[in-house]
Amino acid sequence: MYDVEKIRADFPILSRQVNGKPLTYLDNGASAQKPQMVIDAITRAYAEEYSNVHRGLHYLSNLATERYETVRGTIARFLNAADENHIVMNSGTTEGINTIAYGWAMPRLQSGDEIILSVMEHHANIVPWHFLRERQGVVLKWVETAADGSLDPQAVLDAIGPKTKLIAITQCSNVLGTIVDVKTICHEARERGVAVLVDGSQGAVHMPVDVQDIGCDFYAITGHKLYGPSSSGAIYIRPERMAEMRPFMGGGDMIKEVARDQVIYNDAPMKFEAGTPGIVQMIGLGVALDYMMDIGMENIAEHEAALKDYTTERLAGLNWVNVQGQSADKAAIFSFTLEGAAHAHDISTILDKKGVAVRAGQHCAGPLMDHLGVAATCRASFGLYNTKEEVDVLVDALELAHELFA
Ligand code: PLP
């Protein structure tokens with residue numbers, strides 16, 4: 001039995017007030033709140049167990065290294081990777097995708113080669129590919145979403161041509177909530193010799209992930225959306241792809257030996273982790289992932305599906321709210337505009353007065369905004385601790401905004 005009140009009690013910030021009202025936190029798509037055990041783990045790591053990792057021979061360095069390296073195994077379990085060495089730890093999805101762009105794609109792709117993207121990618125899964133377009137003439141091919149915001153996997157596969165080298169695609173849109181059938185895309189793309197990078201920044205938050213079953217080459221996650229600290233994250237890399245990669249960043253920790261005239265790199269995955277990492281952030285992420293796995297990803301998905309259905313129903317009752325994206329398969333992420341002239345920023349300001357935190361703007365998804373023909377939307381994005389009562393609070397606050405702007 002999913003005990004949402006017990007879960008809420010784990011998150012101290014949820015009991016605070018904002019603007020004199022109880023906080024209704026619906027900005028999880030941007031960043032999620034942290035349970036006390038993550039906060040405690042961070043404090044303990046700094047107060048009792050802190051040192052740099054990998055380098056020292058002293059007690060604290062060994063302890064910090066052990067705590068930090070344990071997280072690699074936790075991430076592998078979370079993603080069901082076959083081996084923890086298939087995990088490169090980093091500061092989040094942005095670093096993960098750049099690692100693949102610089103380390104795998106840049107040395108391999110030539111002028112005229114193609115990368116397929118969906119129109120609903122986050123800028124983190126667009127701009128690194130623009131670098132390749134600008135710098136080496138790689139062609140970006142865009143796949144549109146259908147009118148309901150869904151993305152037909154066949155449309156992605158149909159875009160594959162003889163020059164296609166990579167498909168870079170989100171598992172779940174941060175704007176529309178659309179869930180993409182990445183498994184079908186990966187399996188067919190593999191048959192055709194095309195690599196697939198899955199942006200799991202949102203997907204891994206809302207559903208169980210099994211990278212072996214999906215069959216992807218790369219799968220990126222970002223810790224702060226997974227109830228962990230900011231500047232933590234990881235990318236799963238299929239071992240054959242990892243063997244093809246060259247390091248993107250150079251520095252300490254990623255080498256075995258450095259001399260005046262040569263450098264010998266460390267073994268993978270360390271080879272892709274230059275410099276002092278986010279030691280404490282990663283330790284916090286490990287605790288957050290254990291927390292999610294203890295609740296159970298299936299249970300989280302079920303709880304959020306009920307929230308999604310309830311929100312869909314409540315918003316459908318407001319005929320002056322235009323919800324963008326009504327795909328049959330979607331996460332509890334709702335982007336909307338209000339009929340009339342009100343800008344998304346004004347709406348979010350009214351909601352904020354009622355203690356409701358939503359995001360307003362372009363959501364780092366410029367091409368999608370162009371495709372939808374809207375300048376900005378408000379986005380309410382739910383997490384494992386949200387409740388139906390909070391959906392009601394959102395709807396009441398929207399009614400107020402509608403009255404004010406009508
Ligand atoms: N991809 C998606 C779908 C996202 O929602 C986000 C964050 O909003 C990112 C990538 C980038 O994540 P980060 O800024 O943590 O690197």
Side-chain angles (χ1 to χ4, degrees), residues 25-34 75 79 88-102 115 117-131 143 145 149 151 167-180 182 185 196-207 209 214 216 218-236 248-249 277-278 281-282 284-285 288-289 304 324-325 327 329-335 357-369 371 376-383:
Y25 189 76
L26 302 179
D27 196 18
N28 298 285
S31 205
Q33 299 300 346
K34 320 304 169 200
I75 297 167
L79 297 178
V88 170
M89 299 201 275
N90 57 30
S91 62
T93 294
T94 301
E95 185 180 338
I97 296 178
N98 275 278
T99 300
I100 305 311
Y102 281 94
I115 298 176
L117 303 170
S118 92
V119 77
M120 64 183 170
E121 298 313 312
H122 185 280
H123 294 165
N125 197 23
I126 298 176
V127 182
W129 311 122
H130 269 305
F131 290 166
V143 181
T145 50
L151 186 75
I167 298 169
I169 196 141
T170 191
Q171 188 178 27
C172 173
S173 162
N174 63 310
V175 181
L176 307 175
T178 303
I179 293 171
V180 178
V182 286
I185 294 171
V196 184
L197 178 145
V198 178
D199 177 351
S201 304
Q202 301 286 341
V205 182
H206 303 295
M207 63 187 115
V209 173
I214 292 172
C216 51
F218 312 103
Y219 189 99
I221 58 170
T222 198
H224 66 101
K225 297 186 204 286
L226 292 159
Y227 310 97
S230 55
S231 267
S232 66
I235 185 155
Y236 158 81
F248 153 46
M249 281 204 292
Q281 291 92 324
M282 291 307 296
L285 175 60
L289 297 183
E304 292 183 1
Q324 301 285 348
S327 171
D329 201 5
K330 71 172 260 169
I333 298 174
F334 292 84
S335 273
V358 296
R359 186 139 294 245
Q362 293 218 334
H363 316 293
C364 294
L368 180 61
M369 292 291 140
H371 172 79
T377 68
C378 275
R379 180 188 67 185
S381 50
F382 293 79

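First listed ligand is number 1; within each ligand, the first listed atom is number 1.
- Heavy-atom proximity to Ala124, at under 4.0 Å, picks out these atoms of ligand 1: 10 (C), 11 (C).
- Remark: side-chain polar atoms of Asn90 are paired, donor with acceptor, to backbone N or O of Ala234 under 3.5 angstrom.
- Applying the side-chain hydrogen bond (donor to acceptor under 3.5 Å, both in side chains) test to residues at least two apart or on different chains, the pairs with a partner in residues 219-229 are Ser31-His224, Gln171-Tyr219.
- Under 4.0 angstrom from ligand 1, the non-hydrogen atoms of Thr93 come from both its backbone and its side chain.
- For ligand 1, the atoms closer than 4.0 angstrom to any heavy atom of Thr222 are 13 (P), 15 (O), 16 (O).
- Only the side chain of Asp199 comes within 4.0 Å of ligand 1, counting heavy atoms alone; its backbone N, CA, C and O stay farther away.
- The protein heavy atom nearest to atom 10 (C) of ligand 1 is Ser201 OG, 3.2 Å.
- Remark: Ile100 CD1 to Phe218 CZ distance equals 4.5 Å, nearest 0.5 Å.
- Distances from atom 6 (C) of ligand 1 to the heavy atoms of His123, Glu121, Gln202, His122 put His122 nearest.
- Remark: among candidates Arg359, Met120, Lys225, the nearest residue to atom 8 (O) of ligand 1 is Lys225, based on non-hydrogen atoms.
- At a 4.0 Å heavy-atom cut-off, ligand 1 does not touch His363 at all.
- Between His371 and Thr145, the side chains place a donor N or O and an acceptor N or O closer than 3.5 Å (distance only, hydrogens not considered).
- To the nearest 0.5 angstrom, Leu26 atom CG is 12.5 Å from Arg359 atom CZ.
- Residues satisfying the ring-ring contact (aromatic ring centres under 6.0 Å, His included) test with Phe248, not counting sequence neighbours, are Tyr102.
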Requested in this report: Evaluate side-chain contact (heavy atoms from CB on, under 4.5 Å) for Val205 paired with Asn28, printing each intermediate quantity in order.
Outcome: CA-CA 10 Å; Val205 182; Asn28 298 285; over 6 Å; no

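- Of all the heavy atoms of His224, the ones lying under 4.0 Å from any atom of ligand 1 belong exclusively to the side chain.
- Scanning the protein for heavy atoms near atom 14 (O) of ligand 1, the closest one is Thr94 OG1, 3.6 Å.
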